[in-house]
Amino acid sequence: MRGEGCYLWDEAGLRYLDGCGGAFVANIGHGVRAIGEAMAAQATRIAYVNGTAFTNEPVEALASELASLIPAELDHIYFLSSGSEAVEAALKLARQYWVESGRAEKQDIISLAPGYHGNTLLALSASARPHYATFFREWIVDVHRVSAPLAYRCACRGADAECRVCSGMALEDKILEVGAHRIAAFIAEPVGGSSTGASVPREDYWRNVREICDRHDVLFIADEVACGAGRTGTWSALEPYGVVPDIMTMGKGIAGGYAPLSAVAAPRRIIDVLARGSGSLMHAQTFSHHPVMCAAGLATLRYLREHALVDRAAAMGRVFHDKLAALLDLPHVGDVRGRGLIAGVELVLDRDTRAPFPRKAKVAERMTEAAQRAGLVVWPNTGHVGGVDGDIIMLAPPFIIEPAQIDELVTRFRVAYDDSVVGALATA
Ligand code: PLP
């Protein structure tokens, strides 16, 4: 397997357009030498030291670089290697904060459904992806759910100003139902990842959420693992709403896929409570702050800055969505949504009723296989309708994609559609 720019080549030499950055990861494109060289230089200088004994140059430089991209208040950053680990650490930080604040009864979590926060057990508990929990239900902790602002699947289609779900007010309903004294944190993806097919909440949504969390002393954790790192055209997906979360998680694209890297960012006011109390977050992992992983992250952030790639994601995102909108002429494309260089194309059996295909037709899976045959890598998602049904094709190409390559992506998408959705209909 080999990659360069937006393309991948398999062992047989077949070429694929990477239409989803693997899993929304390959933000700067494949095969960037500068990142590999920075990692090699760091590995030969010092590959590993543990944070209990020493800090290291790349972790310090990466923290400063990342702090300049996220809201100034979130200036304490902890680096791990996967999104799930970042979510676990963020939730544990929220819990420890309340215990050390003398409010140990604040132990419940609220999350959005559908939603995804990872596969380790607390992150999986927070994820409203029932089929991922199939074999582990006994080990899952109870997490309260609020319906995600998924306009396409809401009765009001996002248009009713008073809609509790689309306005975010459903969060307040849930907090009042459970009791604010019990709620430690609300965790949510600012722009949906695959579980909602890149659903973008309404203008008022996050401002309302912020006010509700403030009103009820609930920590707001923005999970930017999928939608962050510039993917939506701003560094964080929350940025355009002018809202600052209490804790932010990042992952996937922050090191462009060159190394596994994730981060949890929090403000001094939260960290100080721990510092004055027990002394530190009760969470340690061998590979947190790993020098080579941080060198990869630092080189990636510098590359993004030097090539103005987040601005490019915004500009190309507009071209991308203009061109993807043309797919709505296909009879089973119900919705195309997203922002910047992330999009979800929802495939439905009936456009008027928005009825999904029967699950047994495996439309998303067939479409993904057909796309690969057509030289396009996409990411399938199912289960957002009633926990089982629903077919979404996720697209999230590298930020360096050119308009002609977006045309190529759309053309290959159509080939895959003809080769699969029509075939699936025969078995529906
Ligand atoms: N949070 C979100 C929003 C994600 O999309 C994902 C992964 O898809 C995760 C957390 C978990 O990240 P990882 O797979 O790196 O553990």
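Counting starts at 1 for both ligands and their atoms, following the listed order.
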Hey, could you give me the CD/CG distance between Gln285 and Leu80, rounded to the nearest 0.5 Å? 5.0 Å
Taking only heavy atoms of Val225 into account, list the atoms of ligand 1 that are under 4.0 Å away from them. 1 (N), 2 (C), 4 (C), 6 (C), 9 (C), 10 (C), 12 (O)
Taking only heavy atoms of Glu189 into account, list the atoms of ligand 1 that are under 4.0 Å away from them. 3 (C)
Which atom names give the shortest non-hydrogen contact between Thr382 and Arg129, and what distance separates them? O-NH2, 2.7 Å
Contact check, Gly193 vs ligand 1, heavy-atom distance below 4.0 Å: no
Quick one: does Glu85 get within less than 4.0 Å of ligand 1, heavy atoms only? no
Proximal atoms of ligand 1 relative to Ser82 (non-hydrogen, under 4.0 Å): 15 (O), 16 (O)
List the closest protein heavy-atom neighbour of atom 8 (O) of ligand 1: residue, atom name, distance to the nearest 0.1 Å. Lys252 NZ, 3.0 Å
Between Tyr116 and Tyr132, what is the ring plane arrangement, given parallel below 30°, perpendicular above 60°, and tilted in between? perpendicular
Can Asp217 and Arg103 be counted as an ion pair, charged N to O under 4.0 angstrom? yes
Just which atoms of ligand 1 are under 4.0 Å from any heavy atom in Gly83? 11 (C), 12 (O), 13 (P), 15 (O), 16 (O)
Are any of the N or O atoms of Asp223 closer than 3.5 Å to those of ligand 1? yes
What residue and heavy atom of the protein are closest to atom 5 (O) of ligand 1, and at what distance? Ala226 CB, 3.4 Å
Does Arg15 count as lying over the ring of Tyr7, i.e. NZ or CZ under 6.0 Å from the six-ring centre, within 45 degrees of the axis? yes
Would you call the rings of His289 and Tyr78 parallel, tilted or perpendicular if under 30° counts as parallel and over 60° as perpendicular? perpendicular
Which ligand 1 atoms does Ser84 reach within 4.0 Å, using its non-hydrogen atoms? 11 (C), 12 (O), 13 (P), 16 (O)
Among Val87, Leu93, Leu91, which residue meets the side-chain contact (heavy atoms from CB on, under 4.5 Å) test with Ile247? Leu93
For the pair Arg359 (side chain) and Asp389 (backbone), establish whether a donor and an acceptor sit closer than 3.5 Å, ignoring hydrogens and angles. no
In terms of atom number and element, which parts of ligand 1 are under 4.0 angstrom from non-hydrogen atoms of Tyr116? 1 (N), 2 (C), 3 (C), 4 (C), 5 (O), 6 (C), 7 (C), 8 (O)
